[in-house]
Amino acid sequence: MKPESDAIIDIRGLSFARGNRPIFAGVEIKIPRGKVTAIMGPSGTGKTTLLKLIGGQLRPDRGDILLDGLNIPTLGRRELFEVRERMGMLFQSGALFTDMDVFENVAFPLRVHTDLPEEMIRDIVLMKLQAVGLRGARALMPSELSGGMARRVALARAISLDPDIVLYDEPFTGQDPIAMGVLVNLIRRLNQALGHTSIIVSHDIKETLAIADYVYILSDAEVIASGTPKELEGVDSDKVRQFMQGLPDGPVPFHYQAPDYMEDLLGEVS
Amino acid sequence: MISNMLQRIGHRALSRLASLGRSGQLLFQALVARPQPLVMLPLLIKQLWFVGVLSLVIIVVSGGFIGMVLGLQGYTILVDYGSEQAVGQLVALSLARELAPVVTALLFAGRAGSALTAEIGLMKATEQLAGLEMIGVDPLRRIIAPRFWAGFICMPILTMIFTVVGIWGGALVAVDWLGIYDGSFWASMQQAVSFYDDIVNGIIKSICFGLVVTWIAVFQGYDCIPTSEGISQATTRTVVYSSLAVLGLDFVLTALMFGEL
């Protein structure tokens, strides 16, 4: 499968810097429609930044982010909010509204963007909650949920408007193995059942590769490898191998840049 | 060394200027861009409750005590000149012109302004604002605008309540306790207080303070660094900046309103 055939998001020559540090330098990414695409890479490579760029919360220094031909960085405030109705985003923290219960959190996008009657909203919300297995938790407040449950509620909220694209920001981080398994299956199943495009940003290799159709690996502001999970196993690159196999040291050093260890220990207190 | 210092000063000045610009942008977008009265009304009522009604206790208690102190102090001085019935005038004028707008604004900054900053800052830290944006809802209109209007509407009302309770407190001390003849107490007040010069000007002051305090509070929350330290700094800044702004602005407004009297 080649992503060029039908890309829903086409990122061209994307450059973005925070201060003097380049996060992206001429990155090219194509997100195939209706598939699960994973963006992977070590911490600090700007994976979350990429999602924020796609969502229009940040503007790139250079380059285009085309969503079905619409160039997101050039959109005005109002158009941007309209485009975002086509996206659902699962935040790392869940980002549930703490002043509403689970039901109202999931109903919120429907209430804001549709004029559906109350019974229909109730049905949709219950269906979405059923899909994430939390129909029984509808009356709980976000503070009463465990981390895994909160993320599932957030997932239900992200898909409540049946978006074209769902962005997952580190969906597996900090989850126990059971919750992790549930989430992995859920993301795959939802993608198949609802037919939307999923973009997963993650550094949990095993879980992500299990459900991804196509993978981009970012490092040092560039895409260092891309392909299906199978193709990536055969990539002949130290960086890719180090990341995929989780080796502590390699081209990506374990240690942050520092003076010589011995000299440092024996040196004066500054 | 000197160039370093100049650089630091320049950097600080530029970042202050930039934040001033951002606050202006926030105010403009929250208020002017596409108001949605139907969506906003329930949100506004909720904020009026939090910002206004829940501030009532502190306003009423402070107003009462300040009025009582004014009555007592006024009496001890005026009685030497045999003009203790002018206490009514003293209490009413000092409350309506100065104390009620200023003290209400200071209390409001501490009670409601800090709460607004902390709430909005925490929403930012827990990605709720970003979540709203990604759902396609503008947090400026959904979160900032109702809170801003609530503060703007509440401040003059709270100020009027402060004045009334303060006058009542002054009467309690002067008339009921110290035994000034109540006819002359109220008559001196009625004679001295002019509706336009004193009451209306006091309310105009409180409207200005309401605008400034709420603006500072919501901006500090919206612009804070989303960490626990950042939120605590923003909350402190809200109280400090709004207090200073209120006191400084009060002098300017007083000079404009009563300068030629």
Side-chain angles (χ1 to χ4, degrees), chain A residues 48-49 51-58 72 75-100 105-115 142-143 150-151 153-161 163-170 199, chain B residues 11 14-15 18 22 25-26 28-36 38-47 49-51 54 115-116 118-147 150 221-222 225-228 231:
Chain A
T48 304
T49 308
L51 290 188
K52 287 192 172 168
L53 285 164
I54 293 175
Q57 293 183 306
L58 294 173
I72 290 176
L75 295 181
R77 210 179 157 77
R78 189 187 299 190
E79 297 158 308
L80 204 53
F81 280 109
E82 278 163 19
V83 164
R84 285 182 187 145
E85 290 175 34
R86 295 179 53 194
M87 302 182 191
M89 179 151 174
L90 180 67
F91 285 87
Q92 205 169 336
S93 63
L96 295 176
F97 304 130
T98 41
D99 55 341
M100 304 176 186
N105 259 289
V106 180
F108 181 79
L110 297 164
R111 292 197 199 286
V112 178
H113 290 307
T114 68
D115 287 325
S143 56
R151 214 165 292 183
V153 174
L155 179 53
R157 187 181 67 184
I159 58 171
S160 67
L161 278 174
D164 297 338
I165 305 164
V166 182
L167 310 168
Y168 298 91
D169 186 6
E170 304 278 7
I199 304 175
Chain B
H11 181 76
L14 278 180
S15 71
R22 284 200 303 279
Q25 236 177 352
L26 170 118
F28 179 78
Q29 279 168 346
L31 302 186
V32 182
R34 274 212 300 172
Q36 299 164 295
L38 269 182
V39 179
M40 209 162 97
L41 196 65
L43 297 170
L44 178 64
I45 290 172
K46 192 174 159 192
Q47 289 309 320
W49 170 264
F50 279 121
V51 169
L54 295 185
L116 284 177
E119 188 192 15
I120 296 171
L122 209 60
M123 279 184 171
K124 186 175 180 182
T126 53
E127 293 184 306
Q128 291 184 54
L129 295 183
L132 273 176
E133 278 184 7
M134 285 309 294
I135 290 172
V137 175
D138 191 344
L140 288 179
R141 259 188 277 140
R142 177 100 198 169
I143 303 289
I144 305 294
R147 283 167 176 74
Y222 193 72
I225 303 162
T227 59
S228 28
I231 295 172

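Protein chains get the first letters and strands the later ones, always in sequence-line order, with residue 1 at the start of each. Note that this is a predicted model, so its numbers are computed, not measured.
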| What part of A/Asp99 is in contact with chain B, defined as an atom under 4.5 angstrom from a non-hydrogen atom: side chain, backbone, both or neither? | side chain
| task | Check the surroundings of atom CG in B/Leu54: do more than 12 heavy atoms from other residues, nucleotides or ligands lie under 6.0 Å from it? | result | yes
| message | Less than 4.5 Å to any heavy atom of chain B: does that hold for the side chain of A/Arg86, its backbone, both, or neither? | response | neither
| Per-residue contact mode, A/Leu90 against chain B (heavy atom under 4.5 angstrom) | neither
| request: Answer with side chain, backbone, both or neither: which region of A/Ser160 has an atom nearer than 4.5 Å to a non-hydrogen atom of chain B? | output: neither
| query | Atom CZ of A/Phe108 and atom CZ of B/Arg142: how far apart are they, to the nearest 0.5 Å? | reply | 4.0 Å
| Heavy atoms under 4.5 Å from chain A: which residues of residues 126-136 of chain B carry them? | B/Thr126, B/Glu127, B/Gln128, B/Ala130, B/Gly131, B/Leu132, B/Glu133, B/Met134, B/Ile135, B/Gly136
| chain A contact via B/Lys46 - side chain, backbone, both or neither, heavy atoms under 4.5 Å | side chain
| message | Would you say that more than 12 heavy atoms from the other residues, nucleotides or ligands in this model lie under 6.0 Å from the NZ of B/Lys124, or not? | response | yes
